[in-house]
Each structure stands twice: as structure tokens, then as C-alpha cells.
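Heads up: the structure comes next, in C-alpha cells.
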Amino acid sequence: MKLLSEASESGLRAVVWMARRPQGLHKVKEIAEGIQAAPGYLVKVLQDLARSGILSARRGSQGGFSLLRKPEGLTVLEVISAIDPIERIKNCPLQLDAHGQQLCPLHRRIDDALASVERSFRSSTIADLLTVPQPAPTQCNALCRPPAPDDSQDA
């Protein structure tokens, strides 16, 4: 079981990527290449983030996306919730009469775990993700590479 959807993971990678490159607007293709995602898929995720006020979006040949919020004030939970919110368990999926409106012990534990994950994401900012030590270049993917000197000129 995967905790986060592919869309949420792509959104987090895109936001971190843009937080490392705060100047200028970034084209979907540029972001997609930077985080190794399909542009056609990523554009929908970026639009969700723009609708939620996390990114700005400008159309046209001079357009692109940029981060509206400061990484220090933007939580991981806000990014995830803008794309694919964590669904808490409200009633027992087993639908046993004996459970009534309460969660069974198993689903109560699962929902408690989901609440803990939500708290963790709420207390983690995008800036926290930027302060993680960088791996050696041979172990690094596109997300963790610092921008090349002329990366911000490609918008």
C-alpha cells in the first residue's frame, strides 16, 4: 500500500524543485524534466496547486509556474491536501452491525495512524525538505541536484 498518490508525490517534488529555484517562471516541460515526470500528467497537478494558492500560473509563451508561498510557511500537508487529501476513516468499512457508528478496533488504529501522519505532514515544511543533506552526486536524482548556474535562464 502506498501512503501518497503519485499525483501528491509529483506535486511535492515539483514544489521542492521550484523552492530551490525561486526566481522566474518555470515551464511545465522544465519542471517535468527536473523531477522526471510526464508533462501531460504534471500540468494537472500544477493546476491543482495553482488553484489552491500555492503556485502562481501564467498562460502564454512567456508564462509558467512559480511558487507563491515561502517554503518556511508552506507545509507538506497543504501541498498534499491541494492535490489528493488524506482520507480519514469515518465509519467502519466492514459494515458490521455490532460496530454501529463506531470504528472497529482495527479501523480505529488505522485512523489513529492516519492522524499521526497528518500531524507529521502538518509540522513539516517545504523548507525542512530543503535542509536535508545532499547525497553524493552519484547517488543524486533530479530532485536533489542544485540548479545549474543557468537553470533559471531556461524559463
Side-chain angles (χ1 to χ4, degrees), residues 1-91 93 107 109-155:
M1 182 178 127
K2 209 170 172 187
L3 179 62
L4 296 178
S5 67
E6 184 178 335
S8 291
E9 288 179 0
S10 295
L12 277 170
R13 288 197 322 267
V15 167
V16 169
W17 188 89
M18 284 187 272
R20 287 197 168 121
R21 294 155 183 83
Q23 286 77 30
L25 294 172
H26 302 283
K27 304 274 185 206
V28 173
K29 182 179 177 190
E30 175 191 12
I31 300 166
E33 287 173 2
I35 68 167
Q36 300 174 350
Y41 178 77
L42 184 60
V43 71
K44 295 172 185 163
V45 172
L46 297 175
Q47 288 169 343
D48 286 342
L49 291 166
R51 274 191 290 277
S52 71
I54 292 171
L55 301 181
S56 70
R58 185 184 307 163
R59 293 181 183 200
S61 62
Q62 299 301 312
F65 290 90
S66 65
L67 193 58
L68 274 177
R69 307 263 310 272
K70 293 194 180 293
E72 299 80 15
L74 178 58
T75 69
V76 170
L77 183 62
E78 289 174 294
V79 174
I80 292 167
S81 295
I83 300 163
D84 191 13
I86 296 171
E87 289 188 39
R88 298 286 300 277
I89 302 173
K90 295 185 176 49
N91 44 42
H107 288 99
R109 287 186 197 110
I110 293 170
D111 189 62
D112 289 347
L114 290 171
S116 178
V117 168
E118 266 188 350
R119 280 191 301 278
S120 179
F121 288 162
R122 187 178 292 114
S123 66
S124 299
T125 66
I126 298 304
D128 295 336
L129 302 179
L130 298 175
T131 62
V132 175
Q134 300 293 310
T138 58
Q139 299 173 340
C140 190
N141 64 25
L143 177 61
C144 65
R145 273 197 306 266
D150 61 341
D151 247 7
S152 64
Q153 308 302 319
D154 295 339

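No hydrogens, no waters, no symmetry mates; every other heavy atom, side chains included, goes into these values.
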(request) Would you list the pairs meeting side-chain hydrogen bond (donor to acceptor under 3.5 Å, both in side chains) in which at least one residue belongs to residues 40-50, sequence neighbours left out? (result) Asp48-Arg51

Exam field: side chain [X] to backbone [Y], donor-acceptor pair closer than 3.5 Å:
{"X": "Ser120", "Y": "Ser116", "value": "no"}
{"X": "Ser124", "Y": "Phe121", "value": "no"}
{"X": "Arg69", "Y": "Gly73", "value": "yes"}
{"X": "His26", "Y": "Trp17", "value": "no"}
{"X": "Asp84", "Y": "Ser8", "value": "no"}

(message) Please determine whether the number of non-hydrogen atoms from other residues, nucleotides or ligands lying under 6.0 Å from atom CZ of Arg122 exceeds 12.
(response) yes

(request) Check whether more than 12 heavy atoms from other residues, nucleotides or ligands sit under 6.0 Å from atom CZ of Arg59, and answer yes or no. (result) no

Gap separating the [atom1] atom of [X] from the [atom2] atom of [Y], nearest 0.5 angstrom:
{"X": "Leu42", "Y": "Glu33", "atom1": "CG", "atom2": "CD", "result": "11.5 Å"}
{"X": "Lys27", "Y": "Phe65", "atom1": "NZ", "atom2": "CZ", "result": "10.5 Å"}
{"X": "Thr125", "Y": "Leu130", "atom1": "OG1", "atom2": "CG", "result": "8.0 Å"}
{"X": "Gln23", "Y": "Met18", "atom1": "CD", "atom2": "CE", "result": "13.5 Å"}
{"X": "Ile31", "Y": "Gln36", "atom1": "CD1", "atom2": "CD", "result": "14.5 Å"}
{"X": "Ile54", "Y": "Ser66", "atom1": "CD1", "atom2": "OG", "result": "12.5 Å"}

To check you understand the geometry: which heavy-atom pair defines the closest contact between [X] and [Y], and what is its length?
{"X": "Leu25", "Y": "Ser56", "value": "CD2-OG, 4.4 Å"}
{"X": "Asp128", "Y": "Thr131", "value": "O-OG1, 2.8 Å"}
{"X": "Ala38", "Y": "Ala32", "value": "C-CB, 4.4 Å"}
{"X": "Ala19", "Y": "Pro22", "value": "O-CD, 3.7 Å"}
{"X": "Val45", "Y": "Gly11", "value": "CG1-CA, 3.5 Å"}

(message) Exactly one of Leu3, Thr75, Val117, Leu12 should register a side chain to side chain contact (heavy atoms under 4.5 Å, CB included) with Ile80. Which one does?
(response) Leu12

(request) Before giving the answer on side chain to side chain contact (heavy atoms under 4.5 Å, CB included), spell out for Leu74 and Leu67 the whole-Å C-alpha distance, their side-chain angles and the decisive distance to 0.1 Å. (result) CA-CA 10 Å; Leu74 178 58; Leu67 193 58; 4.1 Å; yes

